[in-house]
Amino acid sequence: MDCLFCKIISGEIPSDKIYEDELVYAFKDIDPQAPVHFLIVPKEHIASADDLDESHKELIGHVFLVAQKLCAEAGLTKGYRIVNNCKEDGGQSVDHLHFHVLGGRSLNWPPG
Ligand code: AMP
Ligand code: ZN
């Protein structure tokens, strides 16, 4: 499959990996928008949040617990943001489900 994040997970395309387990792969965003900015990606190819179903409930809970653990390791005691951009209007540019995790500065809201 011609999917950038599947190729990153398989190692075909290099990445700055920060964590991996049987369900997810996490790596630094190539264009960071905050002092800490990494992506958590399910190893299963799921196109977007709009393609999730009941079988993915445990996976998505796991993503959030991995985010919490990695943010603790990064020292983000003042907080952080977990973002999913879903499909065209949500600003999704890579069609493999991923969660941005941003921190290390005060983040604006609303994002615009
Ligand atoms: P989105 O716009 O929500 O689909 O986010 C895609 C993210 O992937 C963007 O923040 C990009 O900077 C990031 N990205 C694209 N290519 C790479 C890459 N090769 N390694 C790391 N991050 C990437
Ligand atoms: Zn993929």
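Ligands are counted one by one from 1 in listed order, and the atoms in each one are counted from 1 as well. Hydrogens, waters and symmetry mates are skipped; everything else that's a heavy atom, side chains included, is used. Note that the structure is a prediction, hence the values are computed from the model and not measured.
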note = Count of protein N, O or S atoms below 2.8 Å from the Zn ion (ligand 2) equals 4
task = Spell out, as yes or no, whether a donor-acceptor pair under 3.5 Å connects the side chain of His56 to the backbone of Asp53.
result = yes
key: Whether Asn84 side chain and His98 backbone form a donor-acceptor pair below 3.5 Å   = yes
query = Can you find a pair of side-chain heavy atoms, one from His100 and one from Gln33, that are under 4.5 Å apart?
reply = no
Members sharing Val36's hydrophobic cluster (side chains within less than 4.5 Å) = Ile18, Tyr19, Leu23, Val24, Phe38, Ile40, Ile46, Leu52, Leu59, Ile60, Val63, Phe64, Val66, Leu70, Leu76, Tyr80, Ile82, Leu97, Phe99, Val101
key: Steps toward side chain to side chain donor-acceptor pair (under 3.5 Å) verdict (His37, Asp31)   = CA-CA 8 Å; His37 184 180; Asp31 182 22; over 6 Å; no
Using residues 4-14 as the side-chain source, report each donor-acceptor pair under 3.5 Å to any protein atom, sequence neighbours left out, with the distance given to one decimal.
unit_1, atom_1, unit_2, atom_2, d
Lys7, NZ, Asp2, OD1, 2.8
Ser10, OG, Cys6, O, 3.4
Ser10, OG, Lys7, O, 3.1
Ser10, OG, Glu12, N, 3.4

task = Please tell me if the side chains of Tyr25 and Pro42 come closer than 4.5 Å, counting only heavy atoms from C-beta onward.
result = no
Could you pull out every N or O of ligand 1 that sits under 3.5 Å from a protein N or O, with the distance for each pair?
unit_1, atom_1, unit_2, atom_2, d
ligand 1, 2 (O), Gly91, O, 3.2
ligand 1, 2 (O), Ser93, N, 3.4
ligand 1, 2 (O), Ser93, OG, 2.9
ligand 1, 3 (O), Asn85, ND2, 2.8
ligand 1, 3 (O), His98, NE2, 3.0
ligand 1, 3 (O), His100, NE2, 2.8
ligand 1, 4 (O), Ser93, N, 2.6
ligand 1, 4 (O), Ser93, OG, 3.2
ligand 1, 4 (O), Val94, N, 3.0
ligand 1, 4 (O), His98, NE2, 2.9
ligand 1, 5 (O), His98, NE2, 3.0
ligand 1, 5 (O), His100, NE2, 3.1
ligand 1, 10 (O), Asp29, OD1, 3.2
ligand 1, 10 (O), Asp29, OD2, 2.5
ligand 1, 12 (O), Asp29, OD1, 2.5
ligand 1, 22 (N), Ile30, N, 3.2

message = Test salt bridge (Lys or Arg N to Asp or Glu O under 4.0 Å) on Glu22 and Lys43; report intermediate values, then the result.
response = CA-CA 8 Å; Glu22 69 280 4; Lys43 286 187 169 175; over 6 Å; no
query = Taking everything shown except Glu88 itself, do over 12 heavy atoms lie less than 6.0 Å from its CD?
reply = no
